[in-house]
Number of protein chains: 2
Amino acid sequence: MEIYDLSERKRRILAAIIESYIDTAEPVGSKALAEAAGLGVSSATIRNEMAELKELGWLEQPHTSAGSVPSSRGYRAYVDYLMQRYHVSEQESKRTQAFLESRVAELERLIAEAGKLISELSGYPSLTMTPKRSGVAIRHINLVPVDPYQFVLVLVTSEGTVKNNLCRTRQPLPTELLYEITELLNRRLAGVELSQVSVMEIAQLRRSLGEFEFVLQPVLQIIHEAAMAMENPEVILGGEGRLLEQPEFRDIGRMKEFLDFLQDNEARRQVLSPAEGHEGITVTIGQEHPLEQLRDSSVIMGNYRIGDRPVGVIAILGPTRMDYPRVLGQFEYFTNGLNRLLQELFEPPDQ
Amino acid sequence: MEIYDLSERKRRILAAIIESYIDTAEPVGSKALAEAAGLGVSSATIRNEMAELKELGWLEQPHTSAGSVPSSRGYRAYVDYLMQRYHVSEQESKRTQAFLESRVAELERLIAEAGKLISELSGYPSLTMTPKRSGVAIRHINLVPVDPYQFVLVLVTSEGTVKNNLCRTRQPLPTELLYEITELLNRRLAGVELSQVSVMEIAQLRRSLGEFEFVLQPVLQIIHEAAMAMENPEVILGGEGRLLEQPEFRDIGRMKEFLDFLQDNEARRQVLSPAEGHEGITVTIGQEHPLEQLRDSSVIMGNYRIGDRPVGVIAILGPTRMDYPRVLGQFEYFTNGLNRLLQELFEPPDQ
DNA sequence: GATTAGCACTCTTGTGGGCTGAGTGCTAAC
DNA sequence: GTTAGCACTCAGCCCACAAGAGTGCTAATC
């Protein structure tokens, strides 16, 4: 039974129930609905319609003498066909624009900020996957002396991402020597892909460095870390405190369980898995999500892209009773802007 | 009335009550106490003693027919005189040692990690103030080209801290030129204190740069940011989810109120204010803390030092009903180790 | 004089009954 | 097809009541 096989009136009733439930988190009764939504029919009629909607699986009843609550299927129909488009408010649009114009150029930072903002705008926690890009190369390595026993190792990638580490040595390293090593490292490694730094090169470098071979260790370490970060993206959770506002998390045990589940990076990645290899915005509602732990939650997620390549995911997490029109509207507006910005920043037309 | 004016037995009873309350979060009655704690006296005797302890303000009663609960003053006496020293477990000691040997050399990262670990060990949220140091100078500035329209700006301080920013330009910047600018910047700025970058120098630099003056803007920006970070430390909150385990935060409204209060960096700084200018470990219990919002919480805090100069604060936050022996023991062990490490890392004997 | 047994009294907490009101489901009339 | 009407259901609330833990006091005991 598809949603468009239902009568217009049934659809309107279904939408009205969902909206009321989203608003109040209380099961919706026929009488209240007859009064509130101007459908022009009596509660008895609505009751009959509701009975059918229940039979067909669009609605559920927490117990016999209670009002109705949307089923996952009901929400799905609402999201896909019934809901009205939401237009972002001026204030929301302003904040989004301000963010997009802030011109944070480094991709990772930009995405981190994006996660914060979308969580603030929507009022729900956000998940952001750090960008995963292949073919990232070493652009530049720099060893900056801090004092005779310390130097800072700075690695700049072809992406403009910087990794750095403060290193200590047992023996003093003359400044001059550090510069020489810097030059040597750059001659050998600049332009090489992070994941392609080969055993041969390392062996060669080791030989060239002679007694200062130990400098190599932190360098390899940081290259390895940078490569790992590119290959194994982290998923960052933000704004989780906002869940406390949701009545479905009034139970502290449930809240804790949910947060504990989200502690693990692997779990967070799995939360976002439905978005991977999927164009546009993906919404999973309740049981639709493969993860058992999300059976009462909905996830709105979308890839962010550079050129045509999706490089990461950004998402909002909330109870199934989410304010879909508002949040989806905000999310769409926001991710469109974000993708446009990324396009502009990372794929300039003249390249 | 000082604690040592009380009879030995009263003190033992007080300690037993506090320990039981810390353990169970339930008011302690005379009967239960007589059975559990092997004091060798009847509940009636304990009752009489408890009545006196209440009169003298060491205990409180939530309502007439309930057991006793320690007052702030009671906890204070417990912490200062009554409690038994706790010896960190092998596992705790191992984890602490592993952390201290991990040799994260950069101060800010080290402190951030320290906050995470102490929160994990103690089971309470932690607050860590980022190090505040004066006299930090620019060690090195580097502009690394990423593509013709982008370069990475890297600032290394005399502390070994790295700040970086990816910058975009409207006009292409030849690599050669970037190197020249880098050299110029270093000639003029290396060694200068962050807060002392003067208007004169800037004006001079501007003139020297001519049409490439625009490069100066992000440089000044990042110097400013780095200087601000040194002067205005941030206080980082971690492990706040662990509060959910505490029965005093079973009420979601209270939890939310508390977290909201801790959102603000200024508020977080004020939480740590009692530790400033105070040697060793500072404990504030309940109303002792100047902040009204902490009337039901205790804070364990201590400065971390470099040489003799305290440069920041690390703290644990919990309900007044905290496991003081355990947490104080862990905290002491941990901060001692941390300070030793900082001493070793940042004040080598041969300097 | 300190300790303890005993007891009346207090107050929270848990439980069950009854009531209320929102809500359903059905029937019969419109 | 719609609606009015009505019986029925059930969660939530209020209340009363009992249980239990605890105090505080008194009088007996060591």
Side-chain angles (χ1 to χ4, degrees), chain A residues 5-14 16-21 23-71 74 247-248 250-251, chain B residues 5-14 16-21 23-71 74 247-248 250-251:
Chain A
D5 297 336
L6 295 178
S7 69
E8 163 72 16
R9 194 172 65 187
K10 278 206 186 57
R11 275 179 274 140
R12 284 183 54 193
I13 289 175
L14 180 56
I17 289 174
I18 293 177
E19 273 154 22
S20 164
Y21 187 67
D23 196 36
T24 64
E26 297 290 333
V28 186
S30 57
K31 203 167 158 196
L33 199 64
E35 279 158 23
L39 292 162
V41 289
S42 76
S43 70
T45 310
I46 293 182
R47 211 143 54 231
N48 290 330
E49 299 284 57
M50 279 167 75
E52 279 185 63
L53 286 170
K54 269 172 225 170
E55 222 153 273
L56 296 168
W58 304 101
L59 293 176
E60 278 168 4
Q61 230 174 337
H63 54 265
T64 10
S65 74
S68 300
V69 160
S71 64
E248 17 280 279
R250 215 172 323 147
D251 176 43
Chain B
D5 297 337
L6 295 177
S7 70
E8 163 72 17
R9 193 172 65 188
K10 278 205 186 59
R11 275 179 273 142
R12 283 182 56 193
I13 289 174
L14 179 56
I17 290 174
I18 293 177
E19 274 155 21
S20 163
Y21 187 66
D23 196 37
T24 64
E26 297 290 334
V28 186
S30 55
K31 202 168 161 194
L33 199 63
E35 280 160 21
L39 291 162
V41 289
S42 76
S43 70
T45 309
I46 293 183
R47 211 143 54 230
N48 289 330
E49 298 283 58
M50 278 167 76
E52 281 186 62
L53 286 170
K54 268 171 225 169
E55 222 154 90
L56 296 168
W58 304 101
L59 292 176
E60 278 168 4
Q61 228 173 340
H63 55 265
T64 10
S65 75
S68 300
V69 160
S71 65
E248 17 280 279
R250 217 174 321 149
D251 175 42

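These numbers were taken from a predicted model, which means no experiment stands behind them. Reminder, nothing fancy here: chain letters follow the sequence lines and each chain counts from 1.
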| message | To check you understand the geometry: which heavy-atom pair defines the closest contact between A/G57 and A/S71, and what is its length? | response | O-OG, 2.8 Å
| query | What's the shortest heavy-atom distance between A/V28 and A/Y21, and which atoms? | reply | CG2-N, 3.9 Å
| Any side-chain heavy atom of A/D23 within less than 4.5 Å of one from A/S20? | no
| Is any side-chain heavy atom of A/E49 less than 4.5 Å from a side-chain heavy atom of A/V41? | no
Got a list of protein N/O to nucleotides 2-5 of chain C N/O distances below 3.5 Å?
from: C/dT3; atom 1: OP1; to: B/R9; atom 2: NH1; distance (Å): 2.8
from: C/dT3; atom 1: OP2; to: B/R9; atom 2: NH2; distance (Å): 2.8
from: C/dT4; atom 1: OP2; to: B/S42; atom 2: N; distance (Å): 3.0
from: C/dT4; atom 1: OP2; to: B/S42; atom 2: OG; distance (Å): 3.4
from: C/dT4; atom 1: OP2; to: B/T45; atom 2: OG1; distance (Å): 2.4
from: C/dT4; atom 1: O5'; to: B/S42; atom 2: OG; distance (Å): 3.4

| said: What is the distance, to the nearest angstrom, from the CD1 atom on B/I17 to the P atom on D/dG22? | reply: 11 Å
| field | Nucleotide C/dA22, atom C1' - distance to CG of A/L33 in whole Å | value | 14 Å
| task | Can you establish whether the number of heavy atoms outside B/K31 located under 6.0 Å from its atom NZ is more than 12? | result | no
| field | Nearest-Å distance for atom pair NZ/P, residues A/K31 and C/dT20 | value | 16 Å
Output one line per pair: protein atom, nucleotide atom from nucleotides 28-30 of chain D, and distance, for all N/O pairs under 3.5 Å.
none

| said: In whole Å, I'd like the distance from the OH atom of B/Y21 to the P atom of D/dG22. | reply: 14 Å
| To the nearest angstrom, how far is B/E52 atom CD from C/dG1 atom C1'? | 14 Å
| Whole angstrom value for the distance that separates C1' of D/dG22 from CD of B/Q61 | 8 Å
Protein and nucleotides 10-15 of chain C: nitrogen or oxygen contacts under 3.5 angstrom:
from: C/dT10; atom 1: O2; to: B/S65; atom 2: OG; distance (Å): 3.2
from: C/dC11; atom 1: OP1; to: B/T64; atom 2: OG1; distance (Å): 3.0
from: C/dC11; atom 1: O4'; to: B/S65; atom 2: OG; distance (Å): 2.6
from: C/dC11; atom 1: O2; to: B/S65; atom 2: OG; distance (Å): 3.2

| Between C/dG23 (P) and A/I46 (CD1): distance, integer Å | 12 Å
| query | At what distance, to the nearest 0.5 angstrom, does CZ of A/R12 lie from CZ of A/R9? | reply | 10.0 Å
| query | Looking at A/I17 and A/S68, what are the two nearest heavy atoms and their distance? | reply | CG2-O, 4.3 Å
| task | Measure across A/P62 and A/G67 and return the closest heavy-atom pair with its distance rounded to 0.1 Å. | result | CD-O, 3.4 Å
| task | Measure across A/P70 and A/L59 and return the closest heavy-atom pair with its distance rounded to 0.1 Å. | result | CA-CD2, 4.0 Å
| said: If I compare all heavy atoms of A/I46 with all of A/A34, which pair ends up nearest, and what's the gap? | reply: CD1-CA, 3.5 Å
| field | Whole angstrom value for the distance that separates C1' of D/dG20 from CD of B/E26 | value | 14 Å
